[in-house]
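I have placed the structure first, in the form of structure tokens, so that the comments after it can refer back to it.
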Amino acid sequence: MRLPIVITSVAVALAVAAGNDGIPRDTSFTARSTNIKVLKSHPEARLVEPVLPAGVRAEENVVYRTLKNTPYGDRQLHVDIYRPADDKRYPAVLMIHGGGWRSGSRELQRPLAMHIAAAGYVTVPVEYRLSLEAKYPAALHDIKAAVRWLRANADKYGIDPEHIAVSGCSAGGQLAGLTGMTNGSARHEGDGDYPDVSSDVQAVVNIDGIVTFVSPENIADAEQRLQKKGEMPVNAFWLGGMYGDATDHWEEASAILWVTDRSAPICFINSQLPRYHDGRDSIYEKLDRHGIAHETHELDSDIHPFWFFERWFEPTVRHAVNFLDKHLK
């Protein structure tokens, strides 16, 4: 039996503001705003706070990329770095926040990052350009650049450069899946620093993120939302238009279309809401055809951003760590 849908979107409210740098930002999706919504149907829910576990150290607000001559000047992009408080090398996990490709920030990944780091990883929540600042493929190119940066700076941060994973939640899960399925794809790479360093990842953790935009259900849903609200839904806005107007981007951003022998093993951690695992079951056949490992864990959650809350936080961390241990250690 399907559980009732309580939250179907994490970036609906329009709350746009420009910071001191002039970059437009949608501030509608935060841990606090999500908590307020969830408490209406789950008064027992408890938000997980970003408290650094014992034995883990942090280095935050590290610049990994500077984009020159943007409409907002020289644009710096940042990561946070969490790792065991010793001098050993560990596999790394680049962690991508959600928010409909339009809202959210890397701070949303900090609780997960801190606890996965405690299991013996260098975890790296990453900032990337959102759709009010730059449309697809800017976000993907930022993620690929961040992987290259991690590998190029492996000695500095105590990273095993042969074992780098990417994880993400919601829109971040979509980006994580796309990053891992497009290992070796020049079409998806983008440009920037360290062009001779590989952006391949060795594992993907996709937390309630889709792997296709071009399913009939997704295309029809976008059309219905446009007709009902009179504005493009967040996925079409990010992709530069509705399916008929931006077909190439809808296809290029659909991880299901880009599975090859070089694609990374993938772990899906999902809610009970079908909308947020669109394409998941269909991608299994392609992964199997190429001998690529995959696994799925569907939690008893009737809300989409379940990873924010104690009830589902611990199993999310456990499933992610168990999968990463299999493929990175």
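Side-chain atoms are counted along with the backbone in the values below, which use heavy atoms only and exclude waters and symmetry mates. What you see is a predicted model; the values in this text were computed from it and never measured.
Side-chain atoms of Asn218 and Asn235, non-hydrogen and from C-beta on, do get closer than 4.5 Å to each other. For the pair Phe309/Ile303, a side-chain contact is recorded, criterion being any heavy-atom separation below 4.5 Å from C-beta on. The shortest distance between side-chain heavy atoms of Thr34 and Phe29 falls below 4.5 Å. The shortest side-chain heavy-atom distance between Glu298 and Arg280 falls under the 4.5 Å cut-off. Within the 4.5 Å cutoff, the side chain of His97 has no heavy atoms near those of the Pro125 side chain. Contact annotation: the side chain of Asn206 never approaches that of Ser167 to less than 4.5 Å [non-hydrogen atoms, C-beta and beyond]. The shortest side-chain heavy-atom distance between Glu285 and Leu287 does not fall under the 4.5 Å cut-off. Within the 4.5 Å cutoff, no side-chain heavy atoms of Thr182 are placed close to those of Arg262.
Annotation: cation-pi geometry satisfied between Arg102 and Phe237 (NZ/CZ under 6.0 angstrom from ring centroid, within 45° of ring axis). Relative to the ring axis of Tyr90, Lys329 does not place its NZ or CZ within 45° and under 6.0 Å from the centre.
A continuous path of hydrophobic side-chain contacts links Tyr243 to Leu257 [ILVMFWY only; heavy atoms under 4.5 Å]. With hydrophobic clusters built from ILVMFWY side chains whose heavy atoms lie under 4.5 angstrom apart, Val63 does not share a cluster with Leu77. Using a 4.5 Å cut-off between side-chain heavy atoms of Ile, Leu, Val, Met, Phe, Trp and Tyr, with links allowed through other members, Leu324 and Tyr82 fall into different hydrophobic clusters. Under the 4.5 Å side-chain heavy-atom criterion for grouping Ile, Leu, Val, Met, Phe, Trp and Tyr, Val93 is not connected to Leu52 through any hydrophobic cluster. No path of Ile, Leu, Val, Met, Phe, Trp and Tyr side chains, each step under 4.5 Å between heavy atoms, connects Leu47 with Met114, placing them in separate hydrophobic clusters.
Within the 3.5 Å criterion, the main-chain N or O of Ser170 finds no donor-acceptor partner in the side chain of Asp208. In this structure, the side chain of Ser271 does not engage the main chain of His304 through any donor-acceptor pair within 3.5 Å. Side-chain atoms of His188 come within 3.5 Å of backbone N or O of Glu252 as a donor-acceptor pair. Formation of a donor-acceptor pair under 3.5 Å by the Asn153 side chain with backbone atoms of Trp149 is found in this model. Put simply, the side chain of Trp250 gets close to the backbone of Gly241: a donor and an acceptor are under 3.5 Å apart. Formation of a donor-acceptor pair under 3.5 Å by the Ser263 side chain with backbone atoms of Thr260 is found in this model. At least one donor-acceptor pair under 3.5 Å links the side chain of Arg148 to the backbone N or O of Asp193. Gln202 contributes a side-chain N or O that, together with a main-chain N or O of Ile164, makes up a donor-acceptor pair within less than 3.5 Å. In this structure, the side chain of Ser254 does not engage the main chain of Thr212 through any donor-acceptor pair within 3.5 Å. In this structure a side-chain-to-backbone donor-acceptor pair under 3.5 Å is missing from Asn270 to His277.
The minimum heavy-atom distance linking Ala264 with Val204 is given by the pair CB-CG2, 4.1 Å. Val147 and Asp200 make their closest contact through CG1-O, 4.0 Å (heavy atoms, listed as atom of the first residue, atom of the second, distance). Closest of all the heavy-atom pairs between Asp87 and Arg57 is OD1-NH2, 4.3 Å. Residues Ser28 and Ser33 approach most closely at O-OG, 3.0 Å, considering heavy atoms. The minimum heavy-atom distance linking Leu108 with Gly98 is given by the pair CD1-O, 4.2 Å. Of all heavy-atom pairs between Ala45 and Val38, the closest is CB-CG1, 3.9 Å.
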Check against side chain to side chain contact (heavy atoms under 4.5 Å, CB included), Tyr157 and Val124: CA-CA 11 Å; Tyr157 294 106; Val124 187; over 6 Å; no

List the steps, then state whether side chain to side chain contact (heavy atoms under 4.5 Å, CB included) holds for Asp325 with Tyr121. CA-CA 10 Å; Asp325 283 351; Tyr121 291 90; 2.5 Å; yes

His141/Tyr128 under ring pair (Phe, Tyr, Trp, His ring centres under 6.0 Å): CA gap, chis, key distance, verdict: CA-CA 9 Å; His141 292 173; Tyr128 60 97; over 10 Å; no

Could you go step by step and tell me if His294 and Tyr284 meet the ring pair (Phe, Tyr, Trp, His ring centres under 6.0 Å) rule? CA-CA 7 Å; His294 58 87; Tyr284 296 158; 4.7 Å; yes

Please evaluate residues Trp307 and Ile269 with respect to the criterion side chain to side chain contact (heavy atoms under 4.5 Å, CB included), reporting the C-alpha separation (whole Å), side-chain torsions for both, the decisive distance (0.1 Å), and the verdict. CA-CA 10 Å; Trp307 55 91; Ile269 305 174; over 6 Å; no

Run the numbers on Trp101 and Phe213 for ring pair (Phe, Tyr, Trp, His ring centres under 6.0 Å), then give the verdict. CA-CA 13 Å; Trp101 308 277; Phe213 289 103; 5.5 Å; yes

Side chain to side chain contact (heavy atoms under 4.5 Å, CB included) between Lys326 and Glu295: does it pass, once the steps are laid out? CA-CA 11 Å; Lys326 290 178 190 177; Glu295 61 184 60; 3.0 Å; yes

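Under the 30°/60° scheme for interplanar angles, the aromatic rings of Trp238 and Tyr136 are found to stand perpendicular. The aromatic rings of Trp312 and His42 stand perpendicular to each other, their planes meeting at an angle above 60°, with 30° marking the opposite boundary. The aromatic rings of Phe323 and His327 sit tilted, their planes meeting at an angle between 30° and 60°.
Side chain to side chain, His249 and Glu251 fail the donor-acceptor criterion of an N or O pair below 3.5 Å.
Counting heavy atoms of neighbouring residues, nucleotides and ligands inside a 6.0 Å radius, atom CD of Glu49 exceeds 12 of them. The number of heavy-atom neighbours closer than 6.0 Å to CZ of Arg32, taken from other residues, nucleotides and ligands shown, is 12 or below.
Residues satisfying the side-chain hydrogen bond (donor to acceptor under 3.5 Å, both in side chains) criterion with Glu314, sequence neighbours excluded, are Arg318.
The side-chain hydrogen bond (donor to acceptor under 3.5 Å, both in side chains) test with Glu127 singles out one residue from Gln76, Arg65, His78, and that residue is His78. Screening Val126, Ile96, Asp80 for a side chain to side chain contact (heavy atoms under 4.5 Å, CB included) involving Arg106 leaves a single residue, Asp80.
To the nearest 0.5 angstrom, Arg83 atom CZ is 10.0 Å from Lys88 atom NZ.
Taking the charged nitrogens against the carboxylate oxygens, Arg225 and Glu231 have no contact shorter than 4.0 Å, which rules out a salt bridge.
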